[in-house]
Number of protein chains: 2
Amino acid sequence: MSQSEIRNMEEFAAVSGISRPTVSKYFHDPSSVRKTTRMRIEAALEKYDYRPNIYAINQNRKLTKNIGIVVPYLADPFFGEMVRMIEGRCIEAGYTPSLFSAHGDQAHENDILDSLRSMKPAGVLLAPLGRQSDKSAIETFCKHVPTVLFDSNIEGMGEAFVGSDNHSFVSQSVEYLSRTGETPCFFEMRTPANPNANKRRIAYLATMERLGLEPHVVKIDGTGWGFEEIGRKGGFQVLAEKSLPTNTVLCSNDRLAIGFLSACYESGVRVGRGPDCQLRVASHDDHPFSRFTCPSLTTAAHDYTAVSDNAVETLFRLIEGGGRLENRTESLFPARLIMRDSA
Amino acid sequence: MSQSEIRNMEEFAAVSGISRPTVSKYFHDPSSVRKTTRMRIEAALEKYDYRPNIYAINQNRKLTKNIGIVVPYLADPFFGEMVRMIEGRCIEAGYTPSLFSAHGDQAHENDILDSLRSMKPAGVLLAPLGRQSDKSAIETFCKHVPTVLFDSNIEGMGEAFVGSDNHSFVSQSVEYLSRTGETPCFFEMRTPANPNANKRRIAYLATMERLGLEPHVVKIDGTGWGFEEIGRKGGFQVLAEKSLPTNTVLCSNDRLAIGFLSACYESGVRVGRGPDCQLRVASHDDHPFSRFTCPSLTTAAHDYTAVSDNAVETLFRLIEGGGRLENRTESLFPARLIMRDSA
DNA sequence: ATCAAAATTTTACTCGCGTAAATTTTATTA
DNA sequence: TAATAAAATTTACGCGAGTAAAATTTTGAT
């Protein structure tokens, strides 16, 4: 049975009849030792359940086998889903992911970057707060730690960016909406927290111009990361004012749309594409909850798998390349339009 | 400026004119060194931005200043919110939280416990998967690491449990519903992932008996952590079959209710307490999204703050008490009924 | 059986810090 | 002002590994 009297690798090497350096080698790569040796070590491992002290292991390593994952806001299930996929890939590849959320707060994001630096991670996957981020803090961080940005791009920072192609999102949704009904207006926060929001507005304007349509941007008030509540309040307001320029609303993101839909429902405004409907609503992200809104939300979906896989692969290439890439790449994945009932 | 030539505490001590052990003491508790010493260290800190190597720090510590936080499913914003509050408290108290999600998978939960053990954390706050958890793995873990369970209780494991009082949740919702309309039936998964679900069913049955009402439990099929989809499918089924025993549905939890409401909407069943409504729906948890459902969801709310604060405080007492408490306590916090539009 | 190549072991260092015990400095009291 | 207690600091050693170089053993092909 596991008599856990083993206090260190020296003792474990003794009971398994192998020298300590060889045991050390085994723990770094079991296939790097002879088969018979490996079997003896594994036999001893069964009897004594010893695990190397991770702190001693990492003390002298320039880089550890840790990978930092930083997201801006964990109460958003979008990031929960991304994290799940990313963590899986990292573990497969023999890395140890550690997860952090800035919880929408700049100071917290900075603290995370700080403690991440002292963790000497092999690399970091960072989805920054965006507009709220302390740019110089992130810049300094990226100079010291091999970093791939994802979801939210900050010009020039990190060795690469992997995310979704906002233009693809918006052009698909705008084309679909204008093809099948009235011209969409664009519904967004006045001061969006996230750079994707700005790109989406620009893409909306560009697409409308290309189609020869007149654009309308509806800007609503509100700050912070409570997008649903902001969308709801904004929804009540524009519905009460009857200030919507068209009967078709394209929300900047799903969380805003979720709030907007709840305002529609409570205001008795029927949403959908049926003849009895007053409004069509569509959005972007394919948020995990968007299929459960009432009506279910027509949206442009992130390619979750492609984004997370590519982000991880890019980071691995970066790590193998010694922390630097020739030039900063931006990989953008197109959206897939998901037609549901809201538009 | 920060000439980061400082490679270790020795060198930093030199440039600040203080001995290394004193510097070490400073980093553990700045107030433990003389004011003049502190000022000299802090002056040097400004010039040289040195940070102690956390691995070297923790190598010889029996216990580190780390606190592990483990949740079963991070794509559920309920846990996102809990984590946010818990992390805040830990940081305030000078600990370093590290966050893990089992992502609904037993093997992953076990791996987390494994790597957590080798992190030698001062303590762990564990919200286990529940029914899917490997009980013996958790039991073994708790023997070695001071652990407080939260959200989901497993009989006898950990030094304490902190969570919500399911009986309070259900008795309030049942009493409210039966006082203001038809008797509620209880809508739940046939094989719930979480022990809270069982407690809620039992509480439902007990409350109905106390009120002299006939209970009806509606069990729907489905496994895993995709509760919304399960509630939706189950909803379509019971609505199609017209098998609901009453016009009032009390869902075991909000995520199930979110799915159920979407099924009602698509089936053209009007939910709410108005005269034109066919169904009332209520639930438990006050999930962050429950205010945005259509109609907004009447629910029994967790006392998020009380649960997270108490869990953290209990863990701190446990840590200060050397990892053991006299007897295992279970702290249950009552619910607060939140009346919205769905019932 | 022979011998080169591969794997393992030995030896001997290093790393960055914690910490008990000894020593010095500072503060307090008489 | 001197004696003494208290606090701060220094000395000296240990921790649990990584790792490089040299010596030795094992392996596998001939």
Side-chain angles (χ1 to χ4, degrees), chain A residues 4-45 48-66 94 96 115 117-122, chain B residues 4-45 48-66 94 96 115 117-122:
Chain A
S4 57
E5 16 170 306
I6 307 293
R7 313 204 71 80
N8 56 37
M9 196 180 277
E10 194 78 55
E11 289 182 25
F12 177 76
V15 300
S16 52
I18 310 274
S19 77
R20 188 179 67 71
T22 304
V23 171
S24 168
K25 231 183 146 196
Y26 167 85
F27 278 109
H28 278 289
D29 179 6
S31 73
S32 73
V33 303
R34 208 182 332 221
K35 195 179 299 174
T36 59
T37 313
R38 182 165 52 227
M39 287 173 66
R40 286 165 69 190
I41 292 179
E42 276 159 6
L45 224 39
Y48 295 96
D49 100 305
Y50 155 80
R51 304 193 51 165
N53 181 316
I54 53 168
Y55 299 108
I57 290 175
N58 287 328
Q59 169 169 9
N60 299 317
R61 278 205 175 308
K62 273 233 163 195
L63 291 183
T64 66
K65 279 292 225 175
N66 297 327
T96 305
S115 63
R117 273 186 64 177
S118 62
M119 281 179 62
K120 300 188 289 188
Chain B
S4 57
E5 14 168 307
I6 307 294
R7 314 203 70 80
N8 55 38
M9 197 180 277
E10 194 77 55
E11 289 183 24
F12 178 75
V15 299
S16 52
I18 310 277
S19 76
R20 190 183 60 73
T22 303
V23 171
S24 166
K25 236 184 139 192
Y26 166 86
F27 279 109
H28 278 290
D29 178 8
S31 72
S32 72
V33 302
R34 208 178 332 216
K35 196 178 298 173
T36 58
T37 312
R38 181 167 51 226
M39 288 172 66
R40 286 166 68 191
I41 292 178
E42 276 157 5
L45 224 38
Y48 295 95
D49 104 300
Y50 154 79
R51 303 194 51 165
N53 179 317
I54 53 167
Y55 299 108
I57 290 176
N58 287 328
Q59 168 171 9
N60 300 316
R61 279 203 173 305
K62 273 239 161 193
L63 292 184
T64 66
K65 280 293 225 175
N66 298 328
T96 305
S115 64
R117 273 185 64 178
S118 62
M119 283 181 60
K120 300 187 288 187

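A note on names: the letters A, B, ... follow the listed sequences, proteins ahead of strands, and every chain is numbered from 1.
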How many whole angstroms separate atom OH of A/Tyr26 from atom C1' of C/dT9? 19 Å

Gap between atoms CD1 and P, on B/Ile18 and D/dT11 respectively (whole Å): 13 Å

Rounded to the nearest 0.5 Å, how far does CD of A/Gln59 lie from CD1 of A/Ile57? 11.5 Å

Assign a letter to each nucleotide of nucleotides 14-25 of chain D from its 5' end: B, base within under 4.0 Å of a protein heavy atom; S, sugar-phosphate only; -, no contact. BBBSBB------

So side chain to side chain donor-acceptor pair (under 3.5 Å) across residues 16-28 of chain B, not counting sequence neighbours, yields B/Ser19-B/Thr22, B/Tyr26-B/Glu42, B/His28-B/Arg61

Looking at residues at least two apart in the chain, or sitting in another chain, which of them share a side-chain hydrogen bond (donor to acceptor under 3.5 Å, both in side chains) with [X]?
| X | answer |
| --- | --- |
| B/Arg34 | none |
| A/Ser31 | A/Asp29 |
| B/Tyr50 | none |
| B/Asn66 | A/Tyr55, B/Thr64 |

Classify the nucleic acid contact of A/Thr36 as base, sugar-phosphate or nothing, counting any heavy atom under 4.0 Å across all strands shown. nothing

Within less than 4.0 Å of OP1 or OP2 of D/dT9, is there a side-chain N or O belonging to B/Ser19? no

